[in-house]
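Just so you know, ligand 1 is whichever comes first in the structure, and atom 1 is the first atom listed for that ligand.
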Amino acid sequence: MRIPLIAGNWKMHKTVAEAEAFCTQLKEAVAGVSGVEVLVCPAFIALAPVAKVLKDSDIKLGAQNMYWEEKGAFTGEISPVMLKEIGCHYVILGHSERRQFFGETDDGVNKKAKVAFEHGLVPIICVGEHLEQREAGETNNVVAGQVRAALEGLAQEQVQKLVIAYEPIWAIGTGKTASDEDAQEVIGLIRNLVAEMFGSDAAQMTRIQYGGSVKPGNTAGLMAQPDIDGALVGGASLEVESFMGIVKAAK
Ligand code: PGA
């Protein structure tokens with residue numbers, strides 16, 4: 001049984017004080033909610049303070065990126081050891097904004113995913129096509145290529161714990177969501193590919209989220225699809241009310 005994961009990707013939003021205030025409120029709002037896993041992914045500097053606020057709650061903490069080395073001369077980077085020490089459970093890898101603005105590649109995402117697992121972090125690997133690729137009928141090829149490359153060389157036990165987020169780039173921050181059926185089609189294809197690579201038992205355990213303009217109003221339809229196991233939420237994760245609307249609709 002795959003428990004849906006609702007993850008808030010705050011991107012470059014919220015100061016430390018704002019992040020603490022949000023999580024204090026969220027903790028109260030989430031108390032008593034079961035059947036769905038809730039995750040927040042603040043900016044790096046807010047991770048440690050937020051970890052303190054979330055202590056004694058079921059809300060999980062995740063980072064938005066990391067580097068693949070444990071330590072060393074890598075100015076500006078954050079290591080998996082550092083994330084683990086402050087209580088991160090998840091790390092988002094290969095978000096389309098990282099690929100677009102910061103030169104992340106499939107190969108880098110693959111290296112990071114392996115290292116994340118070595119350090120006890122669960123990667124959330126993001127994949128998704130551009131609008132031109134969708135219009136040219138290339139969606140399935142593009143996404144399959146990203147998934148193959150990112151999962152290359154992982155172990156079956158790792159893939160069982162892994163989270164993949166299918167985020168069509170044209171749906172991120174645009175207010176345009178993929179239809180429930182289109183999202184299911186691509187996510188079903190991802191699950192088949194994981195089964196081909198790692199066996200169907202592993203593929204039945206991998207959680208695959210949808211991301212891209214998820215809101216309280218469109219969550220239930222997406223979550224009703226057989227292969228969609230939660231959402232990676234940007235804009236609507238920044239207010240407790242809308243984030244909770246999504247959490248409740250995902251149950
Ligand atoms: P959005 O962002 O919900 O604002 O579209 C999703 C994401 O980038 O993860």
Side-chain angles (χ1 to χ4, degrees), residues 4-14 18-19 22 26 36-44 46-47 59-66 88-104 106 109 112-113 116 122-131 133-134 139 142-143 146-147 150 162-180 182-184 186-187 190 207-223 225 228-250:
L5 173 63
I6 300 299
N9 171 16
W10 293 357
K11 311 190 179 187
M12 202 172 71
H13 292 286
K14 294 195 190 296
E18 288 165 351
F22 179 98
L26 183 67
V36 50
E37 192 178 353
V38 180
L39 164 68
V40 290
C41 301
F44 283 132
L47 286 170
I59 302 168
K60 302 269 177 32
L61 183 65
Q64 300 173 16
N65 181 33
M66 58 164 229
C88 284
H89 194 98
Y90 291 95
V91 57
I92 299 173
L93 298 177
H95 189 278
S96 62
E97 286 148 19
R98 300 242 23 116
R99 295 177 192 254
Q100 184 181 347
F101 303 122
F102 304 101
E104 293 249 351
D106 285 333
V109 172
K112 289 180 179 186
V122 175
I124 299 176
I125 295 180
C126 302
V127 296
E129 82 285 1
H130 286 283
L131 184 58
Q133 293 169 323
R134 173 155 286 261
T139 299
V142 168
V143 171
Q146 290 173 330
V147 171
L162 180 71
V163 181
I164 299 172
Y166 167 57
E167 300 201 300
I169 296 166
W170 48 270
I172 296 179
T174 57
K176 290 185 205 142
T177 333
S179 69
D180 301 343
D182 285 349
Q184 164 60 32
V186 180
I187 288 178
I190 295 173
R207 285 182 294 176
I208 311 178
Q209 299 175 304
Y210 169 80
S213 297
V214 174
K215 305 210 161 36
N218 59 25
T219 304
L222 288 159
M223 296 307 126
Q225 302 300 312
I228 304 184
D229 306 317
L232 183 54
V233 188
S237 74
L238 296 172
E239 301 292 336
V240 173
E241 197 183 332
S242 51
F243 191 51
M244 279 309 296
I246 293 169
V247 169
K248 287 183 180 150

Cut-off 3.5 Å, side chains only: do H95 and E167 have a donor facing an acceptor? yes
Is any N or O atom of G173, backbone or side chain, closer than 3.5 Å to an N or O atom of ligand 1? yes
Closest protein heavy atom (residue, atom, distance) for atom 9 (O) of ligand 1: E167 OE2, 2.6 Å
What atoms in ligand 1 come closer than 4.0 Å to a heavy atom of A171? 5 (O)
Considering only heavy atoms of G212, which atoms of ligand 1 have at least one such atom less than 4.0 Å away? 5 (O)
Short side-chain to backbone donor-acceptor contact, Y210 and G212, under 3.5 Å: yes
Check ligand 1 against H95 and write out every atom of the ligand that is under 4.0 Å from a heavy-atom position of the residue. 7 (C), 8 (O), 9 (O)
Any sub-3.5 Å donor-acceptor pair from Q209's side-chain atoms to L5's backbone N or O? yes
At a 4.0 Å cut-off, with the gap strictly under it, does some heavy atom of K215 reach an atom of ligand 1? no
Is there a heavy atom in S96 that sits closer than 4.0 Å to ligand 1? no
Does some side-chain heavy atom of R134 sit less than 4.5 Å from a side-chain heavy atom of V142? no
Using a 4.0 Å cut-off to any heavy atom of G234, which atoms of ligand 1 qualify? 1 (P), 2 (O), 3 (O), 4 (O), 6 (C)
In terms of relative ring orientation, are F243 and F22 parallel, tilted or perpendicular, with 30° and 60° separating the classes? tilted
Is the contact between A165 and ligand 1 made by the side chain, the backbone, both, or neither, using heavy atoms and a 4.0 Å cut-off? neither
Atom 4 (O) of ligand 1 [closest protein heavy-atom partner, distance rounded to 0.1 Å]: G235 N, 2.8 Å
Does I124 reach the side chain of N9, with side-chain heavy atoms less than 4.5 Å apart? no
Once you round to the nearest 0.5 Å, how far does NE2 of H130 lie from CD of Q100? 6.5 Å
Return yes if some donor-acceptor pair links the side-chain N/O of K215 with the main-chain N/O of S242 below 3.5 Å, else return no. no
Measure N9 to ligand 1 on non-hydrogen atoms and call it side chain, backbone, both or neither using the 4.0 Å cut-off. side chain
